[in-house]
Amino acid sequence: MKRLLLFSIVALLSMGVYAQKKFKVTLDPARNGSYTISPKLPKDGMVKAGTVLTIQTTPENDYSFDTGYFSTPGQWGAMYYESVTSTFKVKVDKDLSIGACFVPKEAEANLNVTQDIIYAKPGVKTLKYDVYSPKGKQNLPCIVIIHGGGWSSNTEEVMRGFARELANSGRYVVFNIDYRWTGNLDGDKTPTELHQLIEDVYGALLHIMENATKYGGDPTRICVTGDSAGGHLSASVANFVERVGDRGFGKTQGIYEFLPTYMPKGKTIAQVKSELAKAIKAVAPSYGVFAPETLVYRFKDYPYRNEVAPINGIPEVSKRAVPQLLLRGTEDPLIKDEQVKKYMNALVKAGQRVEYIQVGGATHAFLDWKPDAKTQETFYKYGKYHTHQMLLFFDDVLENK
């Protein structure tokens with residue numbers, strides 16, 4: 001009883017200390033629009049812990065709402081937590097910055113945008129994707145985007161500028177997917193392993209194939225792309241189709257199969273494997289990780305680096321063609337030219353079509369889109385042009401299939 005009473009007193013004292021604690025809230029300047037916050041912030045920006053702020057955004061003429069957000073310092077600089085609704089709430093429980101981003105109305109004027117389609121929930125995190133479909137179009141091939149972030153951060157939102165640019169070509173329906181983070185970062189008690197992220201992407205592909213026609217897409221013509229960690233995952237799902245299965249990953253010696261997080265009802269593993277093999281027409285992994293020795297940096301203690309390295313799973317072209325477009329910025333500090341060339345040479349050896357484009361002056365993550373001006377300027381400088389290079393590659397592959 002005394003212990004319970006002591007615990008209760010400590011808990012109450014802790015709650016009291018938290019209630020008195022304050023955090024710094026910084027307001028980022030808005031471009032091409034404005035926002036208001038309720039309740040109004042004190043002049044020093046110090047806000048009582050637990051306060052819920054309501055943010056109302058207003059775009060200028062010829063602009064529309066893109067995202068509202070709060071940000072905190074993270075492993076890649078500012079980490080953004082975004083809202084797709086123009087009025088949103090933020091609970092103050094740490095020092096943070098708040099802001100809103102607006103884009104020209106023409107960015108989505110010709111698109112139907114459907115957000116947060118759930119495809120699976122294998123753990124704490126709900127897995128979802130967004131769809132960007134050209135208005136009035138039907139039976140278009142599909143592009144599936146897999147975001148980067150070190151397998152441990154970001155969501156599909158970081159690829160939305162890229163997704164809009166691809167879809168605004170009017171030639172493709174674009175599906176922008178999310179997946180689990182590795183380790184315990186999603187709040188799961190059992191750590192999520194790297195091969196399970198590949199299973200998530202296979203699950204997303206199968207869900208997309210099952211529903212593509214709702215958005216004007218042709219489920220039998222799919223191109224896959226991704227950047228950084230998404231580059232690794234996109235190359236993996238393109239190369240490893242023959243290893244989709246239900247016998248487990250590493251449970252039996254010599255068997256490393258990927259069980260998709262989502263399986264269509266009434267279909268067998270053999271059926272979905274065959275459908276994936278036929279549907280995936282091309283892949284464009286940008287500044288990705290392809291070899292096991294490169295995975296050591298993030299996965300030193302992971303025992304299956306060889307089994308999840310795309311370079312070790314390239315099919316012979318006589319068995320299945322997987323045309324690949326590789327992109328890398330010449331100033332990329334994370335992905336080296338020799339690493340990409342090694343993968344390119346392995347593709348050539350297998351008889352696969354491959355093109356390697358080096359983007360002069362670009363560093364890492366030039367396809368990303370975030371609320372800050374620097375990331376957006378980088379996309380417009382390097383990402384936009386090479387988005388259209390990618391489209392030409394996909395066009396050519398599909399025309400010659």
Side-chain angles (χ1 to χ4, degrees), residues 75-76 127 143-156 158-159 162 176-183 185 192-205 223-241 243-244 249 256 258 260-261 276 280 282-315 322-329 332-347 350 352 354 356-357 364-368 390:
Q75 59 179 323
W76 314 113
L127 305 183
I143 295 176
V144 176
I145 302 174
I146 309 165
H147 70 80
W151 304 271
S152 59
S153 66
N154 291 334
T155 68
E156 77 279 5
V158 78
M159 295 277 96
F162 181 41
N176 189 15
I177 77 166
D178 196 15
Y179 51 86
R180 281 176 287 180
W181 293 340
T182 54
L185 293 170
T192 300
E193 303 285 1
L194 181 54
H195 57 272
Q196 292 177 293
L197 274 59
I198 297 172
E199 294 178 333
D200 289 347
V201 179
Y202 275 128
L205 286 170
C223 300
V224 185
T225 186
D227 78 328
S228 196
H232 162 261
L233 294 172
S234 59
S236 295
V237 295
N239 290 356
F240 295 150
V241 173
R243 284 170 49 202
V244 170
F249 189 97
Y256 303 97
F258 302 99
T261 305
L276 284 165
I280 297 175
V283 60
S286 301
Y287 37 90
V289 175
F290 306 115
E293 60 269 21
T294 320
L295 288 165
V296 171
Y297 174 71
R298 295 288 296 184
F299 301 100
K300 182 180 179 181
D301 298 322
Y302 180 66
Y304 306 118
R305 291 192 300 272
N306 283 317
E307 287 71 34
V308 297
I311 198 169
N312 292 335
I314 301 169
V322 192
Q324 306 205 19
L325 173 67
L326 313 178
L327 294 177
R328 175 191 171 268
D332 192 327
L334 301 178
I335 305 299
K336 305 302 181 184
D337 175 47
E338 56 268 24
Q339 296 168 358
V340 182
K341 283 182 177 176
K342 181 179 178 181
Y343 183 58
M344 176 187 70
N345 291 334
L347 288 164
Q352 297 288 353
V354 57
Y356 176 22
I357 297 176
H364 200 68
F366 59 81
L367 290 171
D368 281 7
M390 189 180 296

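Below, each value reflects all heavy atoms present in this structure, side chains not excepted, and no hydrogens, waters or symmetry copies.
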Rounding to 0.5 Å, atoms OH (Tyr356) and CG (Leu325) come to a distance of 11.0 Å
Just checking, any donor-acceptor pair under 3.5 angstrom between side chains of Asp200 and Thr261? yes
Output, in order, the C-alpha distance, side-chain angles, deciding distance and verdict of side chain to side chain contact (heavy atoms under 4.5 Å, CB included) for Leu205 and Ile280. CA-CA 9 Å; Leu205 286 170; Ile280 297 175; 4.3 Å; yes
Residue pair Arg180 / Gln196, side-chain heavy-atom distance below 4.5 Å: yes
Side chain Asp227, main chain Gly148, donor-acceptor under 3.5 Å: yes
Nearest atoms (heavy-atom pairs only) where Pro315 meets Asn239: CD-O, 4.0 Å
If only side-chain N and O atoms count, and only distance matters, is there a donor-acceptor pair under 3.5 Å linking Asn306 with Tyr256? no
Do side-chain atoms of Gln339 reach the backbone of Phe290 as a donor and acceptor pair under 3.5 angstrom? no
Inter-residue atom distance Arg305.CZ - Asn312.CG, 0.5 Å rounding: 11.5 Å
If you draw the axis of the six-membered ring of Phe240, does the NZ or CZ of Arg243 fall within 45° of it and under 6.0 Å from the ring centre? yes
Donor-acceptor check, side chain of His232 to backbone of Val308, threshold 3.5 angstrom: yes or no? yes
Quick one: does Leu327's side chain get under 4.5 Å of Ile357's, heavy atoms only? yes
For the atom pair CH2 (Trp151) and OH (Tyr179), what is the distance rounded to the nearest 0.5 Å? 8.5 Å
Heavy-atom closest pair, residues Ala229 and Gly149: CB-N, 4.1 Å
Any side-chain heavy atom of Ile311 within less than 4.5 Å of one from Pro292? yes
Ignoring hydrogens and geometry beyond distance, is a side-chain donor-acceptor pair present between Arg298 and Ser152 at under 3.5 Å? yes
Nearest 0.5 Å, what's the CZ-CG distance between Arg328 and Asp337? 5.0 Å
Are side-chain N/O atoms of Gln324 and Tyr343 paired as donor and acceptor at under 3.5 Å? yes
Quick one: OG1 on Thr182 to CG on Leu194, what's the gap to the nearest 0.5 Å? 7.5 Å
Distance check, rounded to the nearest 0.5 Å: Tyr202 atom OH versus Leu197 atom CG? 13.0 Å
Intermediate values then yes/no, side chain to side chain contact (heavy atoms under 4.5 Å, CB included), Phe249 and Glu307: CA-CA 9 Å; Phe249 189 97; Glu307 287 71 34; 3.8 Å; yes
Side-chain contact test, heavy atoms from C-beta onward, threshold under 4.5 Å: evaluate it for Ser236 versus His195 and give yes or no. no
Is there a donor-acceptor contact under 3.5 Å from the side chain of Thr225 to the main chain of Ala284? yes
Considering all heavy atoms of both residues, which atom of Pro285 and which atom of Gly231 are nearest to each other, and what is their separation? CB-O, 3.3 Å
Compare all side-chain heavy atoms of Met390 with those of Ser286 and state whether any distance is below 4.5 angstrom. yes
So if I apply the side-chain contact (heavy atoms from CB on, under 4.5 Å) rule between Asn176 and each of Val158, Ile146, Ile145, Val144, which one comes out positive? Ile145
With distance as the sole test, does Trp181 use its side chain to make a donor-acceptor pair with the main-chain N or O of Asn154 at under 3.5 Å? yes
Indicate yes or no: at least one non-hydrogen side-chain atom of His364 is less than 4.5 angstrom from one of Ile335. yes
Considering all heavy atoms, the nearest Met159-Asp368 contact: CE-OD1, 3.0 Å
